[in-house]
**Q** 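The structure is given below, and queries will be raised subsequently.
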Amino acid sequence: MSVKYQFIVVSALLLSAGAHAQQISPAPPIDPEAAAAAKRVAIMVCASCHGHEGRSLQPKFPVLAGQHANYLLAQLQAFKTQTRGDPDALGYMWGMAGPLDDVLMSALADYYSRLTPEAGPAGDAAMMARGRQIYQSGDAAEGIPPCSACHGPNAHGTDQYPRLAGQHVQYLMKQLGSFRSNLRNVAIMHGVAQGLQAADMRAVATYLESLD
């Protein structure tokens with residue numbers, strides 16, 4: 001199979017990947033009491049890593065502000081059931097999510113989804129241009145599909161695919177490494193990460209961090 005044909009096939013799979021996105025349990029209703037409890041937990045517990053208003057200051061931890069509620073809920077459920085296996089999941093989130101019930105997880109996801117995200121700093125212009133090219137159009141010669149096929153033209157994501165705009169470079173690089181090694185067992189992302197050289201991973205991450 002030629003590289004160009006592989007690129008076309010993978011791109012088509014990505015565009016139809018919604019049928020294979022991570023399944024989540026239905027979100028329970030969020031009443032004012034649950035919303036208030038979630039805000040307390042976010043401020044008193046989650047903020048130590050994820051920062052005030054969901055914007056983490058330590059780049060190893062993800063920005064949660066503006067992330068889609070359904071995606072956040074899916075990740076919390078995966079942490080709780082210990083089915084997401086990247087290093088920070090094992091080191092931090094398995095234990096943190098263990099005591100959470102469905103109502104509180106849903107309320108936390110809703111809380112963070114309502115916070116306002118911000119763009120991060122701009123990086124090297126040439127690196128960002130390469131990152132933008134890969135993100136928007138992929139690289140047919142290298143068999144790399146466009147990231148925008150799932151995450152959207154502005155990297156704002158959907159209910160099933162995460163918002164990447166404004167995310168820390170260090171966190172994005174770490175997750176791409178986890179996809180490549182299959183510590184995070186997501187077949188589509190494993191294939192994408194396998195095709196990316198380290199320099200291109202950093203270029204895409206640098207471009208994404210600069211977006212709002």
Side-chain angles (χ1 to χ4, degrees), residues 14-15 17 21-22 38-39 41-43 45-76 84 86 88-89 92-93 108-139 144-180 184 186 188-189 192-193 196-212:
L14 286 170
L15 288 167
Q22 182 175 345
K39 185 174 181 178
V41 170
I43 292 171
V45 180
C46 308
S48 62
C49 290
H50 296 289
H52 180 66
E53 296 292 306
R55 295 188 288 271
S56 56
L57 297 179
Q58 298 183 62
K60 69 174 291 184
F61 298 121
V63 173
L64 300 183
Q67 189 58 268
H68 295 279
N70 277 5
Y71 179 79
L72 287 173
L73 178 57
Q75 300 315 300
L76 285 170
R84 176 170 161 174
D86 52 290
D88 283 347
Y92 301 98
M93 290 306 302
L108 279 167
D110 181 73
Y111 170 78
Y112 281 112
S113 74
R114 296 176 185 276
L115 299 180
T116 303
E118 294 180 356
D124 175 78
M127 184 181 292
M128 288 180 58
R130 172 61 175 162
R132 184 181 188 280
Q133 174 196 348
I134 295 171
Y135 183 86
Q136 297 293 349
S137 304
D139 188 330
I144 302 170
C147 313
S148 60
C150 290
H151 296 281
N154 299 313
H156 289 178
T158 69
D159 278 351
Q160 295 174 324
Y161 300 108
R163 175 189 175 91
L164 302 179
Q167 193 58 264
H168 297 301
V169 169
Q170 183 178 336
Y171 178 76
L172 291 170
M173 291 286 290
K174 184 171 57 176
Q175 295 310 306
L176 284 168
S178 291
F179 288 130
R180 172 180 276 181
R184 283 190 72 177
V186 180
I188 290 172
M189 284 306 303
V192 171
L196 284 170
Q197 299 297 318
D200 284 340
M201 283 188 185
R202 184 164 293 278
V204 172
T206 300
Y207 168 69
L208 289 169
E209 186 177 41
S210 72
L211 302 179
D212 59 19

**Q** Keeping to residues at least two apart or across chains, list the salt bridge (charged side-chain N to carboxylate O under 4.0 Å, His left out) pairs with something in residues 147-164.
**A** none
**Q** If we ignore hydrogens and angles and just use 3.5 Å, is the side chain of Ser56 paired with the main-chain N or O of Phe61 as donor and acceptor?
**A** yes
**Q** Just to verify, what does Tyr171 make a side chain to side chain donor-acceptor pair (under 3.5 Å) with, not counting sequence neighbours?
**A** Arg84
**Q** Minimum heavy-atom separation for Tyr135 to Gly152, with atom names?
**A** OH-O, 2.5 Å
**Q** Would you compute the distance between atom CG of Leu72 and atom CG of Leu64 and round it to the nearest 0.5 angstrom?
**A** 6.0 Å
**Q** Do Pro62 and His168 come within less than 4.5 Å of each other through their side chains, counting heavy atoms only?
**A** no
**Q** Pairs in or reaching into residues 113-126: which pass salt bridge (charged side-chain N to carboxylate O under 4.0 Å, His left out), with residues at least two apart or in two chains?
**A** Arg55-Glu118, Asp110-Arg114
**Q** How long is the gap from OG on Ser48 to CD on Gln58, to the nearest 0.5 Å?
**A** 8.5 Å
**Q** Extract all donor-acceptor atom pairs below 3.5 Å that involve side chains of residues 197-212 and protein atoms in other chains or at least two apart in sequence.
**A**
unit_1: Asp200; atom_1: OD1; unit_2: Arg130; atom_2: NE; d: 3.0
unit_1: Asp200; atom_1: OD2; unit_2: Arg130; atom_2: NH2; d: 3.1
unit_1: Thr206; atom_1: OG1; unit_2: Arg202; atom_2: O; d: 2.7
unit_1: Tyr207; atom_1: OH; unit_2: Gln136; atom_2: NE2; d: 3.3
unit_1: Ser210; atom_1: OG; unit_2: Tyr207; atom_2: O; d: 2.7

**Q** Rounded to the nearest 0.5 Å, how far apart are NE2 of His50 and CD1 of Ile43?
**A** 14.5 Å
**Q** Write down the atom of Leu108, the atom of Cys46, and the distance for their closest heavy-atom approach.
**A** CD2-SG, 4.4 Å
**Q** Compare every heavy atom of Pro146 with every heavy atom of Ser137, then report the nearest pair and how far apart it is.
**A** C-CB, 3.7 Å
**Q** Just to verify, what does Lys60 make a side chain to side chain contact (heavy atoms under 4.5 Å, CB included) with, not counting sequence neighbours?
**A** Asp88, Tyr92, Gln170, Lys174
**Q** For Leu57, which residues count as a side chain to side chain contact (heavy atoms under 4.5 Å, CB included) partner, sequence neighbours excluded?
**A** none
**Q** Side-chain contact test, heavy atoms from C-beta onward, threshold under 4.5 Å: evaluate it for Leu164 versus Leu172 and give yes or no.
**A** yes
**Q** Which heavy-atom pair separates Ala42 from Tyr112 by the least distance, and what is that distance?
**A** CB-OH, 3.4 Å
**Q** Would you mind reporting whether Leu176 and Met189 have side-chain heavy atoms less than 4.5 Å apart?
**A** yes
**Q** Once side chain to side chain donor-acceptor pair (under 3.5 Å) is applied, do any residues pair with His156, and if so which ones, sequence neighbours excluded?
**A** none
**Q** Going by side chain to side chain contact (heavy atoms under 4.5 Å, CB included), name the residues that satisfy it together with Thr158, two or more places apart in sequence or in a different chain.
**A** Gln160, Tyr161
**Q** Which pair of heavy atoms, one from Ser113 and one from Ala69, lies closest together, and at what distance?
**A** CB-N, 3.7 Å
**Q** Could you go step by step and tell me if Leu76 and Met93 meet the side-chain contact (heavy atoms from CB on, under 4.5 Å) rule?
**A** CA-CA 8 Å; Leu76 285 170; Met93 290 306 302; 4.2 Å; yes
**Q** Under a 3.5 Å distance rule, please check whether His151 uses its side chain to pair with a backbone N or O of Pro162 as donor and acceptor.
**A** yes
